[in-house]
There are 2 protein chains.
Amino acid sequence: MATVDIETLRTQVLDAAESLFYGQGLQAVGMDAIRSAAGVSLKRLYQLFPSKEDLVEAYLSRRDARWREELARYVDGHGSPRERLLAVFDWLHQWFSEEGFRGCAFINSFGELGAVSPGITQAARAHKEAFHSYLAGLVAAAGEPARLTEQLALLAEGAITTAAISGSPEPARHARATAEHLLSASPAATGAR
Amino acid sequence: MATVDIETLRTQVLDAAESLFYGQGLQAVGMDAIRSAAGVSLKRLYQLFPSKEDLVEAYLSRRDARWREELARYVDGHGSPRERLLAVFDWLHQWFSEEGFRGCAFINSFGELGAVSPGITQAARAHKEAFHSYLAGLVAAAGEPARLTEQLALLAEGAITTAAISGSPEPARHARATAEHLLSASPAATGAR
DNA sequence: CTCAAGGGAGAACGTTCGTTCTCCACTCTG
DNA sequence: CAGAGTGGAGAACGAACGTTCTCCCTTGAG
């Protein structure tokens, strides 16, 4: 208890790991690089995360929670159900514009190790399903047909990878416009704006 | 000339490399595994492709060409411009249903090494741009507004990654339905069907 | 049959990386 | 002050991998 708080250290390590893993890829980053970036000893690092795989899983799990939290927080700042639905795409645009944006951590990790690590496939699937559920909630709240959920999910997913590869945040705008199109064409939205 | 045709060998090696790289990821596959699968000696392998990077580039380049060829061939079997546009999504469904489907080789490679290898980023970007152009041609031929190109591209892209991660070909169906929606809502399509 | 050239198999080399181990400085207790 | 225990720095170890090298067998020419 006189020692540094273990949770603080975990956070420190996860911060370093997240920045490196996301920025360079899972296999491109060695435990040594994480150790240096986190400023802890190798001994400590392995005490906190017994293996690289554990660290990767913790990274993905925390990133999933944080990503969805931030999205939800942004969306919550909007009033009408219709606006909340479209806010998802505004948030994406903001995300795509961040320095160092490199696509979806889960898609990237899946592409890199999904064939080889069931844990990563699992994490990616869970992340996408959670996003899908969240979207479904927004769609229902807006009184839109359930079918819209899948449509918006495809648009968002497409925008993420297109933005990553092209290096431009514009796909979010196009996805938003398309979403508006799908929305205003649907019965419940008539009358809005 | 008495020796085996060099082109045949290249094809043999590329076939093996494609199957392994696509199925397991770039870094998960060693040159030795490719050598065994291709049934050539290491000496030969390095004679044909001086480095792994060269082999990866050749793999991506051939896959790009082949992928677009197959898509175009499929689409060409359809009559009306509108049908041709929708056929893209049918082809995707067929692709997603293939044994061993694991998403887009370019997105996967980009996620794995894009941060570290400009060549791969370049290849991914070129592939996506080529697909976009192809789509633009179909859209123009159907007399649809140019804006539809981006919309369909987002849907296709989203369907690819969603299918990869979920392991189901269904996203192609949803994307197709959404595309139909966007089509029939646009002016030029009235009267179809 | 002899010998030189070419190619195949895989040993070898140098590096990187995940993980563990060693050594030493510091600190807290008595 | 003496001594035990904790933690940090980084050396060490074993495996994997990209790439090169060696050795031997085959083959074709004379």
Side-chain angles (χ1 to χ4, degrees), chain A residues 1-60 108-109 112-113 115-120, chain B residues 1-60 108-109 112-113 115-120:
Chain A
M1 80 184 56
T3 80
V4 190
D5 186 358
I6 224 80
E7 273 315 308
T8 307
L9 281 180
R10 273 184 76 95
T11 304
Q12 232 175 78
V13 169
L14 280 175
D15 285 347
E18 177 160 6
S19 152
L20 291 168
F21 281 152
Y22 179 69
Q24 311 185 58
L26 268 22
Q27 296 183 90
V29 173
M31 291 298 267
D32 215 65
I34 291 167
R35 188 216 59 167
S36 312
V40 302
S41 71
L42 223 43
K43 199 192 280 187
R44 201 53 123 173
L45 179 51
Y46 275 92
Q47 200 170 304
L48 295 166
F49 301 95
S51 74
K52 187 177 183 180
E53 203 179 325
D54 290 299
L55 182 52
V56 167
E57 264 173 43
Y59 148 62
L60 290 176
N108 291 348
S109 300
E112 186 170 352
L113 288 175
V116 129
S117 153
I120 287 176
Chain B
M1 162 175 322
T3 79
V4 190
D5 185 359
I6 224 81
E7 274 314 308
T8 307
L9 281 180
R10 273 185 76 95
T11 303
Q12 231 173 78
V13 169
L14 280 174
D15 286 347
E18 177 160 5
S19 150
L20 291 168
F21 282 151
Y22 179 72
Q24 310 186 45
L26 268 23
Q27 296 182 91
V29 173
M31 291 297 267
D32 214 64
I34 292 167
R35 187 216 60 167
S36 311
V40 302
S41 72
L42 224 41
K43 199 193 277 186
R44 231 347 163 203
L45 179 51
Y46 276 92
Q47 199 172 302
L48 294 166
F49 302 94
S51 73
K52 188 178 182 179
E53 205 180 323
D54 290 300
L55 182 53
V56 167
E57 264 173 43
Y59 149 61
L60 290 175
N108 291 349
S109 300
E112 186 170 353
L113 287 175
V116 128
S117 153
I120 287 176

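To find a chain, count down the sequence lines: A is the first, B the second, and so on, and within it residues start at 1.
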In whole angstrom, give the distance that lies between atom [atom1] of [X] and atom [atom2] of [N].
X: Gln47(B); N: dC21(D); atom1: CD; atom2: C1'; value: 15 Å
X: Leu45(B); N: dG8(C); atom1: CG; atom2: P; value: 11 Å
X: Ile34(A); N: dC17(C); atom1: CD1; atom2: C1'; value: 12 Å

Mind listing the N/O atom pairs, protein and nucleotides 22-28 of chain C, below 3.5 Å?
none

Spacing of CD belonging to Glu53(A) relative to CD1 belonging to Ile120(A), to within rounding of 0.5 Å: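 Going from the CD atom of Glu53(A) to the CD1 atom of Ile120(A) covers 7.5 Å.
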
Could you tell me whether the side chain of [X] and the main chain of [Y] form a donor-acceptor pair under 3.5 Å?
X: Glu57(A); Y: Gly119(A); value: no
X: Gln12(B); Y: Gly39(B); value: no
X: Asp54(B); Y: Ser51(B); value: yes
X: Ser19(A); Y: Asp15(A); value: no

Any side-chain heavy atom of Ile6(A) sitting closer than 4.5 Å to one from Arg44(A)? yes

Less than 4.5 Å apart, side chain to side chain, heavy atoms only: is that true for Phe49(A) and Val56(A)? no

Atom pairs, protein N/O to nucleotides 15-19 of chain D N/O, distance under 3.5 Å:
from, atom 1, to, atom 2, distance (Å)
dG18(D), OP1, Lys52(B), NZ, 2.5
dG18(D), OP2, Met31(B), N, 2.7
dT19(D), OP2, Tyr46(B), OH, 3.0
dT19(D), OP2, Lys52(B), N, 2.9

